[in-house]
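Below is one structure; the comments refer to it alone.
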Amino acid sequence: MSEHKPKIVALVCNWCTYTAADLAGTSRRDYPSEIRLVRLMCTGMIDSKYILKAFLEGADGVFIGGCHPGDCHYIDGNLKAVKRIEAIGIMLEQFGFEKERLKLEWIGASEGPEFQENMQEFAKKIGDMGKVQTADRMIL
Amino acid sequence: MTTYIDQTESYKGEAIKKLAVELLKNNTVDSLFIPFQNSYSGIPMPSLISDPEKTDGIEPIAPVAPFNSAKQAASVIKYATGKKTAFFLRPCEIRALVELVKLNQCTLEDAVIISYDCYGRVENKKYLELLSSNDQVNKDFYTDESLQNETTTTCKSCDAFTPLNADIAISFMGTDQSVFEGTSEKGSDVLSSLNSAIGGSLDLKSGGSIDQSIVEGIKEKRSKEKETLFSKTSETIKDVDSFQKMIGSCLNCYNCRTACPVCYCKECVFLTDIFLHDPDILHQRSIKKGVLKLPVDTTMFHMTRISHISHSCVGCGQCTSVCPSDIQVADMFRTVSEKTQEKLEYKAGQNIEQPIPFLAYKEEN
Ligand code: SF4
Ligand code: SF4
Ligand code: FES
């Protein structure tokens, strides 16, 4: 298990969580290298396809980061995301994906340290969980 | 609510047909949306009928549904036209129509929805086979248990077979007669105006009662079937490995998506460039795992579709019916959907006032 270096996809919104990542960067707060950041305009544009694609391609975890409620650049994109991500989680669980592998967090633009903490924590947890079931499997 | 009974016929389809024809003759509605056997098709097809003289082919309760007709119904009431139409639909078709209303695909303003206790349907192919040896199959189905045994796995395990959200509900489980009930103001008005207009011709009389214990008995039996089916299916999809065994023979024909009444996108993303990969991507994916099954994205397709519509799946079984590879698509959709809907506190097709879960967001924590 210790040999396995997890792959984590983080889908973050441009206006808050990505800005927080930027801030973490300029303050020299690094985050685990197993995390691949994907910048989106808003969490409200996240479709289940993005999450499924990541998991089917062997991602061990998917992190979604957006603005705090009330702060979404597009007013309520993050609120729309909540229900959708909840539904995707319910579905993933039925197909045997542990629900901890998908996480949604609000990280504001000024929260550089919080960004770092969240990334470290998530990477640790996913690392401890071991390989995702799709890792070495043929996917139809 | 006043209920009415029809005492003239023993075959319930006749009573419904008479109701339909009278609605048209009396100008209570401008048209009927109802299964109609034209001179070309073996299977009665949903048809829009506006001439009371051309109603002979009406077969309101033939034990077949060539497709879930909600999408076709929605096309007639895409927007209000002022033309009143009576829609004769199965309970699962109403559920799908309700979902389409919530998705702004149509409006019920001009619609009167009439439905009945559903005994289930047989597959199209089976129906044609039965019809070729028995031209009375539509009628016989309701008295012959061996014919009822031919209904689909979905129907046999469907416990939502009584009309919900109809304006007029016709009961024939738990009664020898056909009991018509106005289940909304609109429906009650239609029935009472019709009753005074036509008097005896339909022999509609106030009265009629239903032995609920019989309906409950059927419900219990079907619920049990459903439980068994769902727990078996949960096992079959418990992980990606098992799931892929279930869909291993899928050819990505997307029939299941086309047949689905609540998969309403005009252009499905799986038909767009996003899933039309360049050769280098295919090679890259092949190298990654050693073998790449073609066409690609089969697991992706099914899981995406489940995630897109499991809150709206009405459990009609049409996706299984159209699969050329005999994949029990509906079993997995129904199984996942039941859990999704339970957890989202939403039931597809049930409460027309309740917005679909993804639009019902509020600022909480
Ligand atoms: S997924 Fe299948 S069972 Fe569910 S509504 Fe669509 S066609 Fe009917
Ligand atoms: S109808 Fe059957 S073969 Fe066609 S896409 Fe659906 S599951 Fe696959
Ligand atoms: S812009 Fe950040 S969640 Fe919408």
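Excluded from the calculations below are hydrogen atoms, water molecules and symmetry mates; all remaining heavy atoms, backbone and side chain alike, are included. Source: prediction; values computed, not measured. By convention in this document, chain letters (A, B, ...) are assigned in the order of the sequence lines, proteins followed by strands, and residues within each chain are numbered from 1.
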Inset, instruction - Before accepting this row, confirm whether a basic side-chain N of the pair A:Glu57/B:Lys288 lies closer than 4.0 Å to the acidic partner's carboxylate O. - result: yes
Legend entry - Approximate separation, where rounding is to 0.5 Å, of A:Leu92 CG and B:Ile306 CD1: 10.5 Å
Inset, instruction - Under the side-chain contact (heavy atoms from CB on, under 4.5 Å) rule, what do B:Met303 and A:Lys49 come out as? Steps first, then yes or no, please. - result: CA-CA 9 Å; B:Met303 287 197 173; A:Lys49 287 190 295 300; over 6 Å; no
Legend entry - Heavy-atom pair count under 4.5 Å with chain A, highest-scoring of B:Leu292, B:Asn252, B:Ile247, B:Val269: B:Val269
Inset, instruction - Taking atom NZ of B:Lys347 as the centre, report whether more than 12 heavy atoms of other residues, nucleotides or ligands fall under 6.0 Å from it. - result: no
Legend entry - CG-CG distance between A:Leu52 and B:Asp297, expressed to the nearest 0.5 angstrom: 11.0 Å
Inset, instruction - Measure the shortest side-chain to side-chain distance between B:Lys343 and A:Met91 over non-hydrogen atoms and say whether it is less than 4.5 angstrom. - result: no
Legend entry - Sub-4.5 Å side-chain heavy-atom contact between A:Gln133 and B:Asp241: no
Inset, instruction - Please state whether the side chain, the backbone, both or neither of B:Phe275 comes within less than 4.5 Å of a heavy atom of chain A. - result: side chain
Inset, instruction - First locate atom CZ of B:Arg305, then atom OG of A:Ser48, and finally report the distance between them rounded to the nearest 0.5 Å. - result: 12.5 Å
Legend entry - A:Leu140 side, atom CG; B:Gln244 side, atom CD - distance, nearest 0.5 Å: 4.0 Å
Inset, instruction - Look at atom CD1 of A:Ile75 and say whether more than 12 heavy atoms of other residues, nucleotides or ligands are closer to it than 6.0 Å. - result: no
Legend entry - Neighbour count >12 (heavy atoms, 6.0 Å) for atom NE2, B:His283: no
Legend entry - Reported CD1-to-OG distance for the pair A:Ile85 and B:Ser307, which is rounded to 0.5 angstrom: 11.5 Å
Inset, instruction - Using non-hydrogen atoms and a 4.5 Å limit, figure out which bit of A:Gln94 sits close to chain B: side chain, backbone, both or neither. - result: both
Legend entry - Which portion of A:Phe97 sits near chain B, non-hydrogen atoms under 4.5 angstrom: side chain
Legend entry - Gap between atom CZ of A:Phe95 and atom CG of B:Asp239 - 0.5 Å precision: 10.5 Å
Legend entry - Heavy atoms from other residues, nucleotides or ligands near CD of B:Gln354 exceed 12 (cutoff 6.0 Å): yes
Legend entry - Candidate pair A:Asp47 and B:His308, rule side-chain contact (heavy atoms from CB on, under 4.5 Å), full reasoning: CA-CA 9 Å; A:Asp47 183 71; B:His308 280 176; 2.9 Å; yes
Legend entry - B:Lys289 side chain vs A:Ile139 backbone, donor-acceptor pair below 3.5 Å: no
